[in-house]
Structures are given as C-alpha cells and as structure tokens.
Amino acid sequence: MLVLFFAAFIVLPAQERHMPVRKAMAAATIASRPDSVEIILGDAELTGSLMPEDTVPPIKESPYDRWEEREVAFNPDPTRAVWMAALFPGLGQLYNRRYWKLPIVIGAYMGLGYATSWNNGMLNDYTKAYRDIMDSDPSTNSYMNFFPPNTQESDLDRTWLTNILQSRKNYYRRNRDLCIIAMIGVYLVAMVDAYVDASLSHFDISPELSIDVSPALFQETRGMKPSVGLVWALNF
C-alpha cells in the first residue's frame, strides 16, 4: 500500500504537466446578505446590490396610451347655433353635432333649388311665347317651338293657343314662387331646429322622470257644490 501511494504521488504531477486541464471560466457566489450579490468572472470581481421590487422605478406611461373621460361635456350655445344656421343652411346642425340632419337640409335645398330653376326656365319660354302671340309682328313666333316642325301656323286656333300659353305661364310662375317660399321655409326651420336642439341638448330624459295623475275636487266660486277634475304633476 505504501508503494502504491508513492507511485500515485509521482504520477499525478506528471499528468498535470502533460495533460490539459479545463479551468472554470466563470463562477458566481451569492453573499449571505439578501440585498447584494457577488459575481466572480475569471480574475475579475463585481459586486452589486439587488433592489427590492417595491423600489423599482415605474415605466413612464404616455398620455396617449390611456383613455380618460372628458370632464366637461359639450354644451352648445343656442344663440351661436342660430347665427351659424342663418349664415349657411346646415351649419347650425353641424355645430350641434347632429350630423345626420345635414343631408336632410342640404338635400331639401338642392331639390328646391333645382325645381325653382326648372320652373323659372319654363316660365321664361311661355312668357316669351305669349308675348309674341299677343303682338302684331308676324316674324316673332317663338310659340311655334312648342309644336312639331311640320305644323303650319295657319292651322292653329290663335284664341285657343293664346289661352293655353297664358295658362301655362301662370302655372309655372306659381310653381316657381312656391319653390322659393319653400326654400325660405326650410331656411327658417333649420334655424329653429338648431336653436331648439342646442337648448334641449342637456334636457333630462332619465328614467327618474315621472308623472302623477289623480282625480281632484275643485270648489266653484259661483256655487256651493264642488266640481270634479283631474290633477297631474310632472316630477323631474
């Protein structure tokens, strides 16, 4: 046994000189303190402290990443709404944020404007034709434009044609005037709608509204007998 021990003592140094030995590149040891750590990398030594979770600085949040309810609700001014509706049709509805009403107002104005222009054009044609048939100049016969090209003027009854032209002239004048009145009406209705909509924008329509109806007796001033009536009260 003694011989084997000395043989191993002699062989081991030889192996260390001739056989490569892999060294540990990194080793880390944690100190006994819970708030610090000691790290040993090769020959270098680093020591740092671990911060508790409650002391970690929070990540800065952008104001655009969160939604916040508006503190002040939109409150339109009725006077401004009326003036904007008077400035241009439909502008008051835009100010009140009632966008679905804008196509109604613009569509009504476009339709009435087209009807006014068409009736006015027909009125001008019949007015000129009626003026030509009433004068004594034979060269002015624009009324013949209402008939086919092969129609002879001598074949027409001038009395009948005069009455027809006058009736059509009055008819298209009436339609044009009605369209203009309707456009003025739409203009005024748009102003009233803008004012009422702005005034009632915050009207309470919650379920807390209630109405009480009950029978009641009223004392007449002209007699001794009471009268039966109905009393109602609106709570809001």
Side-chain angles (χ1 to χ4, degrees), residues 70 72-206 209 211 234 236:
R70 296 178 58 181
V72 180
F74 176 67
N75 187 14
D77 184 13
T79 304
R80 179 176 296 181
V82 170
W83 281 110
M84 295 185 73
L87 181 63
F88 188 81
L91 198 58
Q93 283 69 30
L94 284 178
Y95 170 72
N96 292 334
R97 299 183 181 179
R98 297 297 187 266
Y99 306 111
W100 62 272
K101 295 182 179 180
L102 182 62
I104 300 176
V105 177
I106 299 301
Y109 257 90
M110 292 180 63
L112 291 172
Y114 175 78
T116 301
S117 177
W118 187 80
N119 284 283
N120 187 66
M122 297 298 293
L123 174 63
N124 293 334
D125 294 340
Y126 278 100
T127 299
K128 182 179 180 181
Y130 181 74
R131 188 187 304 114
D132 292 345
I133 200 172
M134 293 298 295
D135 61 15
S136 57
D137 189 1
S139 60
T140 55
N141 56 352
S142 60
Y143 49 85
M144 294 301 299
N145 296 331
F146 296 103
F147 298 96
N150 55 356
T151 303
Q152 299 295 328
E153 185 176 358
S154 58
D155 297 337
L156 300 177
D157 186 359
R158 294 183 65 87
T159 303
W160 169 83
L161 182 58
T162 301
N163 295 334
I164 290 295
L165 294 176
Q166 184 179 10
S167 176
R168 295 289 179 85
K169 178 173 64 70
N170 297 334
Y171 172 78
Y172 287 111
R173 177 184 288 114
R174 177 178 176 273
N175 289 349
R176 182 201 61 180
D177 296 343
L178 288 177
C179 291
I180 294 175
I181 294 174
M183 291 182 66
I184 297 175
V186 171
Y187 181 78
L188 296 177
V189 168
M191 293 177 59
V192 173
D193 175 77
Y195 178 82
V196 174
D197 202 357
S199 300
L200 301 180
S201 59
H202 297 289
F203 185 75
D204 188 9
I205 56 174
S206 63
L209 296 177
I211 182 172
L234 180 64
F236 58 90

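Just so we're clear, the structure is a prediction, and the values are computed from it rather than from any experiment.
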Identify, with sequence neighbours excluded, every residue that meets side-chain contact (heavy atoms from CB on, under 4.5 Å) alongside A115. N119, C179
CG/L161 to OH/Y143 distance, rounded to the nearest 0.5 angstrom? 7.0 Å
Any idea which heavy atoms bring P76 and N96 closest together, and the distance? CB-OD1, 3.5 Å
Quick one: closest heavy-atom pair of A194 and A85, and the distance? CB-CB, 4.0 Å
Donor-acceptor pair, distance only, cut-off 3.5 Å: does the side chain of S201 make one with the backbone of A198? yes
Could you pull out all residues at least two apart from Q166 that satisfy side-chain contact (heavy atoms from CB on, under 4.5 Å)? Y130, N170
Checking the side chain of T127 only, and the main-chain atoms of L123 only, is there a donor and an acceptor separated by less than 3.5 Å? yes
Smallest separation among heavy atoms of L112 and T116, with atom names: O-OG1, 2.7 Å
Not counting sequence neighbours, list each pair that qualifies as a salt bridge (Lys or Arg N to Asp or Glu O under 4.0 Å) and has a residue in residues 151-161. E153-R158
T151 versus M144, closest heavy-atom pair with distance: O-CE, 3.6 Å
CZ (R168) with more than 12 external heavy atoms under 6.0 Å: no
What's the separation between atom CZ in R174 and atom NZ in K169, rounded to the nearest 0.5 Å? 15.0 Å
Quick check: do L156 and F147 have side-chain heavy atoms less than 4.5 Å from each other? yes
All pairs passing side-chain hydrogen bond (donor to acceptor under 3.5 Å, both in side chains) where residues 98-113 contributes a residue, at least two apart: R98-D197, K101-D193, K101-D197
Quick note, ring pair (Phe, Tyr, Trp, His ring centres under 6.0 Å) partners involving residues 162-192, not counting sequence neighbours, are W118-Y172, Y126-Y172
Who passes side-chain contact (heavy atoms from CB on, under 4.5 Å) against T140, sequence neighbours left out? D132, D135, D137
For the atom pair OG1 (T79) and CE (M84), what is the distance rounded to the nearest 0.5 Å? 13.0 Å
Please give me the minimum heavy-atom distance between I106 and F88, naming the atom from each residue. CD1-CE2, 4.4 Å
